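Order of the sequence lines sets the chain letters (A, B, ...), proteins ahead of strands, with each chain counted from 1. Note that this is a predicted model, so its numbers are computed, not measured. Only heavy atoms go into these numbers, but all of them, side chains included; no hydrogens, no water, no symmetry mates.
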Amino acid sequence: MDAFYASVELRDRPELRGKPVVVGGLGPRSVVLSATYEARAFGVRSAMPVGRARRLCPQAVFIPPRHGVYGEVSKEVMAIFRAVTPEVEPLSLDEAFLDVSGATRRLGTPRRIAELIRQQVREQQSITCSVGLAPVKFVAKIASARCKPDGLLVVPADGLLDFLHPLPVSALWGVGDKAEEVLGRLGLRTVGDIAHVPAATLRRELGAAGEHLHALAWGRDERPVTPRREEKSVGAEETFPTDVDDPDVVKKELLRLSGRTARALRASGCVARTVTVKLRLANFKTITRSRTLPEPTDVAREIYAAACALYEGSGLDSRARLRLVGVRATGLRPVSGAARQLAFDERPSGWREAEQAVDRIARRFGADAVRPAALFGSSQDGPAEAPSKTRDEPRILGNEPGV
DNA sequence: TCTGGGGTCCTAGGACCC
DNA sequence: TCTGGGGTCCTAGGACCC
């Protein structure tokens with residue numbers, strides 16, 4: 001019994017127990033991301049506009065997804081995990097893999113350790129957490145998902161396949177709508193069905209992912225718990241309150257998103273080599289355009305220049321109606337390892353230093369204290385189209401309920 | 001029903017180099 | 001002059017996860 005998985009559940013907050021809870025964004029075009037059973041009873045469904053959900057179920061508690069304040073709880077919960085073992089791999093704000101093989105001598109059996117964690121999270125944070133325990137990482141995750149809310153489920157090594165095989169194919173990580181459809185066409189409904197079909201068949205239908213699923217179906221997964229995972233990309237995107245066909249508005253938004261992306265880069269101590277622009281049309285067709293820079297950067301001005309050029313050269317009709325734009329920086333490397341060599345005749349532009357100064361002001365006075373002149377009158381954290389967007393902070397600390 | 005925002009990973013074609 | 005094959009990088013798109 002090596003790894004186990006822990007997940008924290010908002011649903012068990014006493015004040016929310018038994019209430020209809022809807023998780024969704026705050027913008028005018030936000031949709032329902034998840035809803036509790038109680039909310040679903042009113043007809044609330046995922047992907048439904050939040051406004052419609054409100055009309056169907058006005059008494060529901062509406063929670064914005066992944067909003068700021070929850071981060072504090074998350075840090076403290078992760079600290080509880082790390083007191084058990086340094087082998088903690090955070091998966092999201094409220095979930096982590098732990099490898100407890102090194103902690104059993106000190107703290108007892110994995111089951112005992114799981115009970116300890118659940119007790120500490122409950123006492124210190126007044127929230128519950130579910131823990132799945134298994135000798136294989138992904139099985140531990142499935143176990144934690146199946147014992148929530150507020151549960152503990154142990155899958156012993158000799159019971160691995162008995163646990164896995166009756167599960168629906170969608171229980172496996174990596175099986176979403178598309179893969180489930182393909183598997184369904186092959187007549188495969190359960191994990192056991194996947195296990196008993198030749199790996200070559202799965203590879204033909206699903207590529208490398210198919211072979212991976214076959215291994216998972218037999219409980220084979222060599223991936224270890226990796227405490228520090230390097231970020232591969234950072235970015236920002238925003239759906240306009242209404243579709244936009246004005247290139248000036250689009251560029252203004254690109255400027256704002258470039259600023260957010262550059263700030264995130266500087267905060268993580270990275271520079272990026274490639275800039276990608278994402279453009280989603282009114283009909284939901286999405287295109288991306290990317291460009292690799294001669295030198296890596298964390299400067300908003302440089303990211304914006306690339307983003308703008310990509311947008312202008314995207315081949316879209318200049319009056320194309322856009323629903324969403326996004327800016328992402330990839331090809332990250334630590335800033336220290338990429339210290340820029342200035343050529344003899346090159347003078348530092350000073351933009352990087354200027355933006356770092358802005359970072360310091362923002363840390364002290366808030367993100368809105370300084371912003372590019374082009375964004376004057378708008379909020380750095382709201383879409384350019386909606387300068388008066390109210391920053392509805394979540395009233396309830398928490399994350400989406402598992403439903 | 002009409003699709004958020006943060007990411008990761010995979011595939012496939014073409015350029016380019018040896 | 002025409003051509004092989006492998007490796008790597010770049011670009012675009014898409015599935016998937018929370």
Side-chain angles (χ1 to χ4, degrees), chain A residues 5 7-10 22-35 43-53 56 63-68 70-71 74 89-96 138 141-142 144-145 170-182 203 206-213 223 226 229-241 243 257 260-261 264 268 273-294 306 310 313-315 323-332 381 383 399-403:
Chain A
Y5 176 80
S7 111
V8 182
E9 277 292 301
L10 160 84
V22 177
V23 177
L26 294 166
R29 300 173 76 164
S30 300
V31 295
V32 174
L33 307 180
S34 64
V44 175
R45 298 281 177 271
S46 296
M48 171 186 286
V50 165
R52 192 164 127 77
L56 284 172
I63 299 174
R66 316 262 174 224
H67 258 265
Y70 187 69
S74 177
E89 177 182 340
L91 198 62
S92 69
L93 284 176
D94 64 343
E95 302 171 59
F138 87 93
K141 174 162 172 57
I142 296 175
S144 78
S170 58
L172 291 181
W173 245 43
V175 178
D177 290 346
K178 303 285 176 182
E180 190 175 2
E181 196 188 314
V182 172
R203 171 168 257 289
L206 292 166
E211 225 157 343
H212 183 57
L213 290 183
R223 291 169 296 181
T226 42
R229 284 203 300 190
E230 290 168 22
E231 284 176 306
K232 301 275 194 330
S233 74
V234 296
E237 60 187 63
E238 190 102 22
T239 298
F240 292 115
D243 296 339
L257 296 171
R260 266 164 60 182
T261 302
S268 67
R273 271 205 75 202
T274 304
V275 175
T276 303
V277 163
K278 175 168 163 183
L279 305 167
R280 178 168 289 159
L281 299 164
N283 65 6
F284 222 69
K285 179 180 161 58
T286 306
I287 66 169
T288 61
R289 293 290 181 267
S290 61
R291 166 179 295 183
T292 298
L293 308 173
L310 287 165
S314 65
R323 176 186 181 90
L324 166 149
V325 293
V327 174
R328 179 158 295 277
T330 62
L332 304 193
D381 293 318
N399 189 28
E400 60 199 70
V403 282

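Backbone-only engagement by Ala236(A) is indicated by non-hydrogen atom pairs under 4.0 Å involving sugar-phosphate atoms exclusively. Within 4.0 Å of Gly235(A), counting heavy atoms only, lie sugar-phosphate atoms of the nucleic acid but no base atom.
Out of dT3(B), dG13(C), dG6(B), the shortest distance to the side chain of Arg289(A) is found at dG13(C). When each of dG6(B), dG13(C), dC10(B) is scored by its nearest atom to the side-chain atoms of Ala208(A), the top-ranked nucleotide is dC10(B). With dT1(B), dG4(B), dC16(C) as the choices, the nucleotide that has an atom nearest any side-chain atom of Asp177(A) turns out to be dC16(C). When each of dC18(C), dT11(C), dG13(C) is scored by its nearest atom to the side-chain atoms of Trp173(A), the top-ranked nucleotide is dC18(C). When distances are taken from the side chain of Val31(A) to each of dT3(B), dC16(C), dT8(B), the shortest belongs to dT3(B). For Thr274(A), taking side-chain heavy atoms from C-beta onward, the closest of the listed nucleotides dT11(C), dG7(B), dG4(B) is dT11(C). Residue Glu237(A) places its side chain closer to dG6(B) than to any other of dG7(B), dT3(B), dG6(B). Closest to the Pro49(A) side chain, of the nucleotides dT3(B), dG6(B), dC10(C), is dT3(B).
Take Thr330(A) and apply the side chain to side chain contact (heavy atoms under 4.5 Å, CB included) test, not counting sequence neighbours, and it matches Ser233(A), Thr274(A), Arg328(A).
Remark: dA12(B) base-pairs with dT11(C); criterion is Watson-Crick or G-U wobble with both hydrogen-bond distances under 3.5 Å. Under the Watson-Crick or G-U wobble criterion, with both distances below 3.5 Å, dC18(B) is paired with dG5(C).
Take the nearest nucleotide of DNA chain C for Lys178(A) and for Thr292(A): the residue whose nucleotide is more 5' is Thr292(A).
Comparing dC16(C) with dC2(B), their P atoms are spaced 23 Å from each other, to the whole Å. Comparing dC17(C) with dG4(B), their C1' atoms sit 14 Å apart, to the nearest whole Å.
Exactly one residue among Ile63(A), Leu33(A), Val32(A) makes a side-chain contact (heavy atoms from CB on, under 4.5 Å) with Val22(A). That residue is Val32(A).
Considering every non-hydrogen atom in both Phe138(A) and Leu172(A), the closest pair reads CE1-CD2, 3.7 Å. Between Val275(A) and Leu310(A), the shortest heavy-atom distance links the atoms O-CD1, 3.4 Å.
An OP1 or OP2 oxygen of dG7(B) is reached within less than 4.0 angstrom by no side-chain nitrogen or oxygen of Ser233(A).
Residues from residues 275-287 of chain A with heavy atoms under 4.0 angstrom of DNA chain B, sorted by number: Arg280(A), Phe284(A).
For the atom pair Asp243(A) CG and Arg280(A) CZ, the distance stands at 11.5 Å (nearest 0.5 Å).
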